[in-house]
Number of protein chains: 4
Amino acid sequence: MSNAPRRADARRNRERILQAAFEAFAADGRLVPLDDIARRAGVGAGTVYRNFPTKEALFRAVVTTRIEQIVEDAEALRDADDPAGAFYGFFARVVERAMYNHALCDALADDLSGFDTCGVDDRFTAGLGVLLRRAQAAGAVRSDVDVQDVRALMVGAMHMERAHRREGRRGRMTLLASDALRPTTKRNETLDPRNGTRCEICGNPITPAPTGRPARYCSASCRQKAHRRKQAAAKSG
Amino acid sequence: MSNAPRRADARRNRERILQAAFEAFAADGRLVPLDDIARRAGVGAGTVYRNFPTKEALFRAVVTTRIEQIVEDAEALRDADDPAGAFYGFFARVVERAMYNHALCDALADDLSGFDTCGVDDRFTAGLGVLLRRAQAAGAVRSDVDVQDVRALMVGAMHMERAHRREGRRGRMTLLASDALRPTTKRNETLDPRNGTRCEICGNPITPAPTGRPARYCSASCRQKAHRRKQAAAKSG
Amino acid sequence: MSNAPRRADARRNRERILQAAFEAFAADGRLVPLDDIARRAGVGAGTVYRNFPTKEALFRAVVTTRIEQIVEDAEALRDADDPAGAFYGFFARVVERAMYNHALCDALADDLSGFDTCGVDDRFTAGLGVLLRRAQAAGAVRSDVDVQDVRALMVGAMHMERAHRREGRRGRMTLLASDALRPTTKRNETLDPRNGTRCEICGNPITPAPTGRPARYCSASCRQKAHRRKQAAAKSG
Amino acid sequence: MSNAPRRADARRNRERILQAAFEAFAADGRLVPLDDIARRAGVGAGTVYRNFPTKEALFRAVVTTRIEQIVEDAEALRDADDPAGAFYGFFARVVERAMYNHALCDALADDLSGFDTCGVDDRFTAGLGVLLRRAQAAGAVRSDVDVQDVRALMVGAMHMERAHRREGRRGRMTLLASDALRPTTKRNETLDPRNGTRCEICGNPITPAPTGRPARYCSASCRQKAHRRKQAAAKSG
DNA sequence: AATGAATGAGGATTCATTCAT
DNA sequence: GATGAATGAATCCTCATTCAT
């Protein structure tokens, strides 16, 4: 990126600011005082302003970075074998990432156009669109929704999760929201955990085997995805 | 209410403050400066404080009033002939009222307990619960969701509507969210307006007649409800 | 007084305001909001302003009233048989009345001249002066102090009492302050309660009798004074 | 102190704030608006808050600093040759410093415990206690008073001085208050300046010599102390 | 290039005083 | 005359942004 400073220590500072800002914005939204961010990053307030002209610009940079990761996720799934799993898994992961992250949530709800770090928004829409259309072609998603609908549904799901903190029900609202997208015949009646289990990744139902340890994921690929996802989460806080 | 002042001008002021606060909070959420509210109401800041001990108290009063109207709506539908229409219509109306109203939206998402204007939250939950259970008994709502799910879904729908401002699509996300609640066999595939139409009130599909002016509502009772709703909206701003 | 309104209810209001103000000022000093006083008096704020042009004026009126009572006390002692008892008893009573009364304390410390309720300050000084000179003539007070010294010493004693709240030591600092006024040979070495007792009223030492119930006051007249004082205290709160 | 900023200008500002606060609090007590202090210090309000988290904290810092100086004074006298002079001189100096200083006066009257700048209060009590006990052992202070009495008497003396502003009588009430502490036989009858003079430092009587310039201090050591005291006063404002 | 100090507008709240009812 | 509602200046404190070191 052109914004990256030449000197090594300056580059390091930029990273630390972004990281600190990410954490702070995630926890408290745009309201965190900039000084707090600077302190968490271990730099002076002035240094933040050297790197980002405005608090708002910092916010956008943070969010852009985050969405870029999401976009990469989407693009990696572009040719996945299982269009349904790819789509619903992506849906769930986006919600999971953003649901306790005020900043990201706002960003996905707002229009990101006007951001200087150009194109993330478009790339996000495009990536999601590919997954959506493939899933629709595979008959896994109803045909009367478009990519804007799905995006809005994601935003809604984030807020639902937040509005619904009940112990042990994390992800329940995401599943419910997904159901709005499934074609009639594919709908699960298994929201109630007593009625069966669903794959945490793609939301497909898991047929319980009569013997052996109960399956947690619907397939090997989903198990693998869950693993990678945990590692990523550990790293990015 | 016992809070109402005796003098006529004071009562008028109290109303103006509530009205101004309603508008301001609706537009910008809790963040609006109290001075702005006072100015919009055409009174001094002190007058606001005479009526409400705290900005937060004012916020709660505004929101409580609003929710009380909603609760009355719910309670009026308690014995409606058409449980499905009653439930989905109520769902849509709550979302409609709150979707551009940051204050109300926050209030429904948060827990309202702790509010001094006692019981609104509980009454809301209770009223919604009645509608939900009747609709479930009538087979119009899937049986694996409870009242907290529905409440969270409402909150989600409000945000979806906000995240999805496209001209002519108002209410689309509400319908989509509702679909998450319908049992498999009842699901509509008509979200796309080209594929058919649904009643704005209860969300039921409208079978287009080959002749005559296209129907907008599914029944006379829904037409009547829509009419009353418009009038109420006009009055309360 | 010329300030007294003609109508009976108005006069009653004036009294209630003065009483409420007395209590409020005594407890919290000049800082109490005027609205609080009005509420305690059971009248509107406007009524207070009808009677007293300013909060400050009300304060002065309250204090003046109070000091008038003290002045009457002094004037009643003008010809007392026991000049020493009269002086030291008066000293102790003034301190006792004012020590937890912020308002009165301030008033005695400040110069009251400039007050519209004319003459209290002068009358206080005059009354105290009489008692002082008679006690000096009787050899009970050192001759190198004047009335201003005594007044200042009273103010000091009030603050000492406040600064010295130890259980069971009420009045100790007043006695100590009095000692500064006694001529050398009359000084008590009995401040420590274990070393003997002193009359609560006039501060004279009480010679313990070998038999009978221990004496509390030095004379019948002091016992009587203490009695009257308790009754007065009960009435005025 | 660890609170001192590294940068020179910041340190200067901190000093100016403390100085301005000292003056303002001294003159008007805790009530001075913080903005006034800021203005007097020539800084913005924010700068004050950078240095002291609260107005109250600033007040405490000011007062603590002042009391620390006093404590040092007391500790320096711990082994003085002349216990009587040490005690009475210290007494007079504390009163002198605090008498027109509302802040310090309040602080000495209140309990300072709870202050974060730990121990000043205890150190003050301890230092005063040493001086008191030595003076008592030397027969210069009556034996029935304890350190709390003396502290309260100091507070009283400050208020007396304030209540007694007569030209040329500065310190008179302090001497009078001291007299309450002297054992009977040591009491001076020389409060009236016409009857003789007393050392400003230790309060001992000065026997006027028939010839030569009238003595102002009772001894060379007191003259020296007075000199040092003036210089210190000049420095600290 | 970094630091962290300074700024000062702005926001919530209080309260003496005035004034419509 | 009484009431209590309205006013708005004043006060404490916060925080985005600028700037001296």
Side-chain angles (χ1 to χ4, degrees), chain A residues 5-7 9-10 13-14 17 30-39 41-56 58, chain B residues 5-14 17 31-38 41-56 58, chain C residues 5-7 9-10 13-14 30-39 42-56 58, chain D residues 5-14 17 31-38 41-56 58:
Chain A
R6 225 164 314 162
R7 269 170 51 176
D9 55 344
N13 267 344
R14 189 168 219 275
I17 291 168
R30 300 175 129 93
L31 287 181
V32 256
L34 189 134
D35 283 8
D36 283 8
I37 296 175
R39 200 172 319 113
V43 303
T47 307
V48 177
Y49 276 90
R50 165 166 295 276
N51 283 280
F52 304 93
T54 296
K55 192 188 177 190
E56 182 65 16
L58 172 57
Chain B
R6 225 164 311 163
R7 264 166 56 177
D9 57 342
R11 220 160 32 230
R12 215 175 314 127
N13 266 342
R14 187 168 221 271
I17 291 168
L31 287 182
V32 253
L34 189 133
D35 285 8
D36 284 8
I37 296 177
V43 302
T47 304
V48 177
Y49 279 94
R50 158 169 290 273
N51 283 281
F52 304 93
T54 300
K55 191 188 177 189
E56 181 67 14
L58 173 58
Chain C
R6 226 164 312 161
R7 266 169 54 177
D9 57 342
N13 268 345
R14 189 167 218 273
R30 300 174 129 91
L31 287 181
V32 254
L34 189 134
D35 284 9
D36 284 9
I37 296 176
R39 203 173 315 115
V43 304
T47 306
V48 177
Y49 276 91
R50 165 166 296 275
N51 284 279
F52 305 93
T54 297
K55 193 190 179 188
E56 182 65 16
L58 172 58
Chain D
R6 225 165 310 165
R7 265 165 56 175
D9 56 342
R11 219 159 33 229
R12 216 174 314 128
N13 266 343
R14 188 170 220 270
I17 291 168
L31 287 182
V32 254
L34 190 134
D35 285 9
D36 284 6
I37 296 177
V43 304
T47 305
V48 177
Y49 280 95
R50 157 169 292 274
N51 284 281
F52 304 94
T54 299
K55 191 191 178 187
E56 181 66 15
L58 173 58

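Order of the sequence lines sets the chain letters (A, B, ...), proteins ahead of strands, with each chain counted from 1.
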Between F52(A) (CZ) and dT17(F) (C1'), how many Å, whole number?
16 Å
For D9(D) and for V43(C), locate the closest nucleotide of DNA chain F by heavy-atom distance; then report the residue assigned to the nucleotide nearer the 5' terminus.
V43(C)
Check the phosphate of dT7(E) against T47(D), side-chain N and O only, distance under 4.0 Å to OP1 or OP2. Yes or no?
yes
Just call it for G44(D): base, sugar-phosphate, or nothing, with non-hydrogen atoms closer than 4.0 Å on any strand.
sugar-phosphate
Gap between atom CZ of F52(D) and atom CD1 of I37(D) - 0.5 Å precision:
10.0 Å
Check for a donor-acceptor pair, side chain of K55(A) on one end and backbone N or O of P33(A) on the other, with a separation under 3.5 Å.
no
Distances for protein N/O vs nucleotides 11-14 of chain E N/O pairs under 3.5 angstrom?
from, atom 1, to, atom 2, distance (Å)
dA12(E), OP1, K55(B), NZ, 2.6
dA12(E), OP2, L34(B), N, 2.9
dT13(E), OP2, Y49(B), OH, 2.6
dT13(E), OP2, K55(B), N, 3.1
dT13(E), O5', Y49(B), OH, 3.4

How many Å lie between CZ on R14(B) and C1' on dA5(F), as a whole number?
13 Å
Rounded off to whole Å, could you give me the CG-to-C1' distance for the N51(D) and dG4(E) pair?
12 Å
When the distance from CZ of R12(D) to P of dA20(F) is rounded to whole Å, what number comes out?
14 Å
Distance, nearest 0.5 Å, that separates CZ of R39(A) from CG of L34(A)
10.5 Å
Hey, does the side chain of R50(C) come within less than 4.0 Å of dA2(F)'s phosphate (OP1/OP2), counting only N and O?
yes
Tell me the stems DNA chain E sits in, counting at least three consecutive Watson-Crick or G-U wobble pairs, each under 3.5 Å on both distances.
E:2-21 with F:2-21
Sorted by chain and residue number, the salt bridge (charged side-chain N to carboxylate O under 4.0 Å, His left out) partners of R12(D) (sequence neighbours excluded) come out as none
Can you check whether N13(C) has a side-chain N or O nearer than 4.0 Å to OP1 or OP2 of dA2(F)?
yes
Under the salt bridge (charged side-chain N to carboxylate O under 4.0 Å, His left out) rule, collect the residues that match up with D35(B), sequence neighbours excluded.
none
Answer whether the closest heavy-atom distance between the side chains of T54(A) and Y49(A) falls below 4.5 Å.
no
Quick one: R39(C) CZ to dA5(F) P, roughly how many Å, whole number?
11 Å
Closest non-hydrogen atom pair between V48(B) and I17(B), with its separation:
CA-CD1, 4.0 Å
Looking at CG of L58(D) and CG of N51(D), how far apart are the two atoms once the value is rounded to the nearest 0.5 Å?
9.0 Å
